[in-house]
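Worksheet: one structure, shown below.
Chain letters run A, B, ... following the sequence lines, proteins first, then strands; residues in each count from 1.
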Number of protein chains: 2
Amino acid sequence: MTRRTGSRHAILAAAATEFARRGYAGANVDRIARAARLNKAMIYYHFRSKAALYREILKDMFDAVLARVRDVVASDAAPDAKVRAFIEAIAIEGEARPHFPAIWLREIAEGGEHVDAATLGYARDVLVALGRIIEEGRRKGRFHSANPMIVQAGIIAPLMFFLATAGVRRKLERAGAKGASTISQADLVRHIQRVTLAVLEGRLA
Amino acid sequence: MTRRTGSRHAILAAAATEFARRGYAGANVDRIARAARLNKAMIYYHFRSKAALYREILKDMFDAVLARVRDVVASDAAPDAKVRAFIEAIAIEGEARPHFPAIWLREIAEGGEHVDAATLGYARDVLVALGRIIEEGRRKGRFHSANPMIVQAGIIAPLMFFLATAGVRRKLERAGAKGASTISQADLVRHIQRVTLAVLEGRLA
DNA sequence: GTCTATAAATAGATAGAC
DNA sequence: GTCTATCTATTTATAGAC
């Protein structure tokens with residue numbers, strides 16, 4: 001646990017915003033520096049490169065999610081409570097970091113080629129955790145067996161989609177799409193919890 | 001309907017791939033030219049700028065989706081069939097254009113500031129179309145009233161997520177996440193149709 | 001319509017003073 | 001730790017020949 005300087009922290013915060021807004025390639029080191037009320041040289045003093053700075057932010061993001069998700073898996077709650085908690089864990093971390101959803105969506109879009117081993121490892125671990133919860137529920141006779149990938153797509157995708165579009169939804173509303181901005185995050189989380197459990201418990205008819 | 005030259009078409013195809021892979025900022029005009037077996041100058045002969053080329057691709061993408069979605073709304077099918085068809089329309093266009101999902105996800109991630117009026121208009125029109133289907137179902141006593149935004153998030157987000165990650169899922173499988181690549185697109189479409197209808201018909205609780 | 005330069009701007013990264 | 005100045009590479013965009 002090395003002592004964090006104020007400047008290092010300011011850079012990380014500014015960089016997260018910049019990467020979320022413009023993506024890795026579109027992010028500009030100079031703009032990050034100015035947003036952090038510093039200069040480019042300070043960024044290269046604290047971080048090896050633009051790429052290293054980006055990886056640092058990804059790591060912080062996914063570490064937080066994984067820690068929460070693993071606590072959920074390890075807890076002794078009932079399977080349905082674990083599913084609810086899994087969904088909430090992701091929503092909470094996504095809400096705590098305004099840049100989180102956009103960066104995650106971009107990483108997904110990156111798809112095939114570019115994703116590095118570390119990021120891939122995080123994605124796998126989150127998926128594996130969900131798989132364990134489902135499998136435990138199945139052993140206890142509460143859940144049908146289900147493909148974790150398909151269940152996860154119904155959780156993470158809508159959550160990130162929703163969180164990343166808070167700004168656009170307000171614009172949409174003004175452009176004539178009624179109801180685009182009237183849902184709260186809590187409403188969405190509850191909705192996803194209900195739907196996911198209905199799927200897992202085989203209550204869809 | 002102006003006559004399309006082969007080179008113009010080749011550029012559009014190469015550009016779609018490049019934008020999908022690297023995003024707008026990460027895309028490189030020279031690389032697009034080489035992929036199209038042409039040179040940069042030809043791109044600027046056919047298109048005003050990199051930005052104009054990108055907008056052209058977005059337009060083609062969203063026009064195709066909107067045309068299909070509007071046909072669905074205008075048809076005289078039953079509400080539940082319209083919902084199924086709406087979901088399929090998006091899946092079909094997403095499948096027909098391999099670059100489509102990644103670009104759409106990135107546009108979502110772009111979120112607040114950068115989205116131009118045209119793209120916003122498309123997003124609105126798709127949402128309005130879904131809203132009409134839901135409202136019709138409600139009038140006919142088949143659906144509960146529901147927020148189109150929340151329903152749409154459960155359709156488009158998982159679909160794009162799934163389609164955009166075909167490559168990653170294979171890698172995930174090798175990295176130890178069982179079942180990551182064993183779902184077919186048809187399976188997912190059916191799953192989303194079932195879930196969406198269960199939500200709209202109030203069969204969850 | 002297609003090409004080969006090349007201009008002009010942008011942006012990642014570093015040197016070196018304080 | 002922090003700054004200014006600068007190097008260097010990349011890249012959008014254009015000029016002009018064929």
key: Of residues 22-36 of chain A, the positions that come close to DNA chain C - non-hydrogen atoms, cut-off under 4.0 Å   = A27(A), N28(A), V29(A)
query = Which residues, if any, of residues 38-49 of chain A bring a heavy atom under 4.0 Å of DNA chain C?
reply = K40(A), A41(A), Y44(A), S49(A)
Rounded interatomic separation in angstrom, taking [atom1] from [X] and [atom2] from [N]:
{"X": "I11(A)", "N": "dG1(D)", "atom1": "CD1", "atom2": "P", "result": "11 Å"}
{"X": "R8(B)", "N": "dT2(C)", "atom1": "CZ", "atom2": "P", "result": "13 Å"}
{"X": "E18(A)", "N": "dG12(C)", "atom1": "CD", "atom2": "C1'", "result": "14 Å"}

Residues 146-154 of chain A side chain polar contacts: donor-acceptor under 3.5 Å, at least two apart:
| residue | atom | partner | partner atom | Å |
| --- | --- | --- | --- | --- |
| N147(A) | OD1 | M149(A) | N | 2.8 |
| N147(A) | ND2 | G179(B) | O | 3.0 |
| N147(A) | ND2 | T182(B) | OG1 | 3.3 |

request  = Mind listing the closest non-hydrogen atom pair of A64(A) and R97(A) along with its distance?
outcome  = CB-NH2, 3.3 Å
message = Going by salt bridge (charged side-chain N to carboxylate O under 4.0 Å, His left out), name the pairs with one or both residues in residues 99-109 of chain B, residues two or more places apart or in two chains.
response = E110(A)-R106(B)
request  = Please collect all salt bridge (charged side-chain N to carboxylate O under 4.0 Å, His left out) contacts where either partner lies in residues 183-193 of chain A, sequence neighbours excluded, each pair once.
outcome  = D187(A)-R190(A)
Give the table of side-chain donor-acceptor pairs shorter than 3.5 Å for residues 123-137 of chain A, with sequence neighbours excluded, one pair per line with atom names and distance.
| residue | atom | partner | partner atom | Å |
| --- | --- | --- | --- | --- |
| R124(A) | NH1 | A175(B) | O | 3.3 |
| D125(A) | OD2 | R70(A) | NH2 | 3.2 |
| E135(A) | OE1 | R138(A) | NE | 3.2 |
| E135(A) | OE2 | R138(A) | NH2 | 3.1 |
| E136(A) | OE1 | K82(A) | NZ | 2.8 |
| E136(A) | OE2 | K140(A) | NZ | 3.0 |

key: Residue list, ring-ring contact (aromatic ring centres under 6.0 Å, His included) with F100(B), at least two apart or on another chain   = W104(B)
query = Which ring-ring contact (aromatic ring centres under 6.0 Å, His included) pairs, counting each pair once, include a residue from residues 161-193 of chain B, with sequence neighbours left out?
reply = none
ask   = Does any pair with a residue in residues 12-40 of chain A pass ring-ring contact (aromatic ring centres under 6.0 Å, His included), and if so which ones, sequence neighbours excluded?
value = F19(A)-Y24(A), F19(A)-Y54(A), Y24(A)-Y54(A)
